[in-house]
Protein chains: 2
Amino acid sequence: MKVVCSKENLVRGLNTVKSAVPVRTTLDILRCVLLEAEENQLVVTANDTTLGIETKFEALVMEQGAIAADANLFLSIIQKLPDTDIVIETGYNYEISIRAENAKFVISGMDPNQFISLPSIQFSGEAEVSQFTVREMIRKVIFSIADSNLNAAMSGVYLEVINDKMRMTTLDGHRISIRVSALKGEFGLNHAIIPGKTLNDLSKIITGDHEKMMKILFSQNHMKFIYDETTMVSRVIDGEYFKIESMLREECETHVKVNKRMFYDCLDRSTLLINESDKKPIILDIREEEMNLRLRSQIGSLDETIAIEKEGNNLKIAFNPKLLLDALRVIDDEEVDVYLVKYNYPCTIKDSEGTYKYVILPVNFTEE
Amino acid sequence: MKVVCSKENLVRGLNTVKSAVPVRTTLDILRCVLLEAEENQLVVTANDTTLGIETKFEALVMEQGAIAADANLFLSIIQKLPDTDIVIETGYNYEISIRAENAKFVISGMDPNQFISLPSIQFSGEAEVSQFTVREMIRKVIFSIADSNLNAAMSGVYLEVINDKMRMTTLDGHRISIRVSALKGEFGLNHAIIPGKTLNDLSKIITGDHEKMMKILFSQNHMKFIYDETTMVSRVIDGEYFKIESMLREECETHVKVNKRMFYDCLDRSTLLINESDKKPIILDIREEEMNLRLRSQIGSLDETIAIEKEGNNLKIAFNPKLLLDALRVIDDEEVDVYLVKYNYPCTIKDSEGTYKYVILPVNFTEE
């Protein structure tokens, strides 16, 4: 293999696929990217067997061929080379020489035939959506997946295509986060539980352009995301997702409208008084036209009152402030609507257009 | 104590003194800042007993007094409050209430009489120098102090005032770094070994303005730095500094003039091939009009040739590339002059004006 390409393209390509290179693995080939020089292009692929990413760009191919190279070392070398054309050439025993101007690196590569190719799958359904929408939706639900592997479904994002809508849902036992977006077209019904890491990685590499579209393909065990010159294939999480409809109450006995920034800032301040050994909740004391928020811990106390609009009953209810903060952080509205029932019922923060819904469980509290 | 001040001033004051708050200590009072409300000003002090910093700013003092407050907690609270005036008031049993708009924090303080005041010292000599000069000099020598406590003097910066010049020297057993700056005035002869941490902290908090001056005061056991409204008092390291003059050779058998950027970039690339278990040196092969640099390790090899101007003998010599990089990184010149003698003699990078001198020991090498 002998190929000439620009440093810029190669760096972008390697950065695109690198999230499919496992951080830790005992299998050397998984640490590699596959470089394939085909006519007029270089194809770069990484695959950790759960997630695989392939991208390609223009290159001057002087000799077709392929080689596997340690992804991190190869990327570090390319990044430190001068901003110019780079010549990559393979030699005896999978040796790779990398040249730019007067600098020449030589490193060991691996047999490209050992590389585990991306699976070829029959896809049964698809949808088209803007890259921007996908990235925003991911960002706005991904924080409430469960860390643990106690429950596989909780560590994923439930993605549904419902005709002309796309919905993403996550939950972690303390809260549910839902985002809905309109699609340009009718795409039938499809759903899958996608590993949180896959969507996190996807949101980092897509450009996020409003205009640019991407394709999402569904099959029994895999999802495929195609955008620009890049293809991402991910396993899905087996099994059924939770029946969340039954958890979403429509009842409301207290409706609060509050300035998001003021609510957020107060909750944010209160987190200073929380430490690992003393996780005190913040008490929301909802009265006519004002809400008093207070938190008292070993560290100290905070007491603050903010203006609200209220309909329905007065209510005292307590939350882990971090859960409220996570939801408010991804809501772009200036004012938010909070719907409550009783002190031991979850609260719901949602908009009237149905684009978001954040359900958060309260915690017990005692007042001294 | 009851005092009103702007959030901005208070945050700046606390950030100024916080490097004198120890990261780890068993003594609670050392974790505190002392707040003293005197007529029309608030004085903020921190002191870890090696380094003490005091600063002050305008405030509306409604009741004079003092209190000690946990530095990190107090600063976090102030930072999260609205950008407005802040009211600080002490209550029963060293309780501190902190109010801004509708938010009120209450935390526990400590008896201000427990706070260890800055030492009052008779200073025997002083110099005046621009803040910018001090910050730049520190940055350009601080990297070659020794980490270890094996040798106290090596962990400090040797600061000398020599009439109308100031000189800073550091060394770590592998290299010596020297910077010299002109002073505006004659300040006699004075010198001290200052803990590296003190100067690191100082360089972070001074504004670095070309126009703004600072005073440096010498005594037997302490240094004092005074600038704007801030005073920093540091212990000095006991003992004599190394007799470095004998280590600075004036002989030269090979003089190389090289483009700094090209030299730096090549050395920087070579570090990719070094790991903890395989610290191979970079070999500089100095010939007529060109220098070949090569490094071969388990990871791979780099071979690069760059143009130079050379006087004197050809020479092959090897270095730890990181030591050369550290020196080149803080040299602003486009071209650097490297003076060499033999393969086992240190090299010197210096300018003709005598503002800097970096002496670096070579390492042994074998060529396969």
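Here is how names work: the chains are called A, B, and so on, in the same order as the sequence lines, proteins then strands, and each is numbered from 1.
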Heavy-atom distance under 4.5 Å to chain A: side chain of B/I77, backbone, both or neither? both
Chain A contact via B/L273 - side chain, backbone, both or neither, heavy atoms under 4.5 Å: side chain
To the nearest 0.5 angstrom, please state how far the CG atom of B/L81 sits from the CZ atom of A/R269. 6.0 Å
So how far is it from B/E304 CD to A/R99 CZ, rounded to the nearest 0.5 Å? 13.0 Å
I'd like to verify something: which residue of B/I98, B/I299, B/I96 has the highest number of heavy-atom pairs under 4.5 Å with chain A? B/I299
Counting heavy-atom pairs closer than 4.5 Å to chain A, which one of B/L295, B/D303, B/D70 comes out on top? B/D303
Please check if atom [atom1] in [X] has more than 12 non-hydrogen atoms from other residues, nucleotides or ligands closer than 6.0 Å.
X: A/N364; atom1: CG; answer: no
X: B/N314; atom1: CG; answer: yes
X: A/K7; atom1: NZ; answer: yes
X: A/K104; atom1: NZ; answer: no
X: A/E8; atom1: CD; answer: no

Go through A/C266, A/A103, A/G300 and name the one with the most non-hydrogen pairs under 4.5 angstrom from chain B. A/A103
Tell me which of these, A/L293, A/I107, A/D268, has more heavy-atom pairs under 4.5 Å with chain B than the rest. A/D268
Minimum heavy-atom distance between B/N102 and A/T305, given as atom pair plus value: CB-O, 3.3 Å
With side chains defined as the heavy atoms from C-beta onward, is the minimum distance between A/D265 and B/K80 less than 4.5 Å? no
Which answer fits A/L272, side chain, backbone, both or neither, if we ask what part of it has an atom under 4.5 Å from a heavy atom of chain B? both
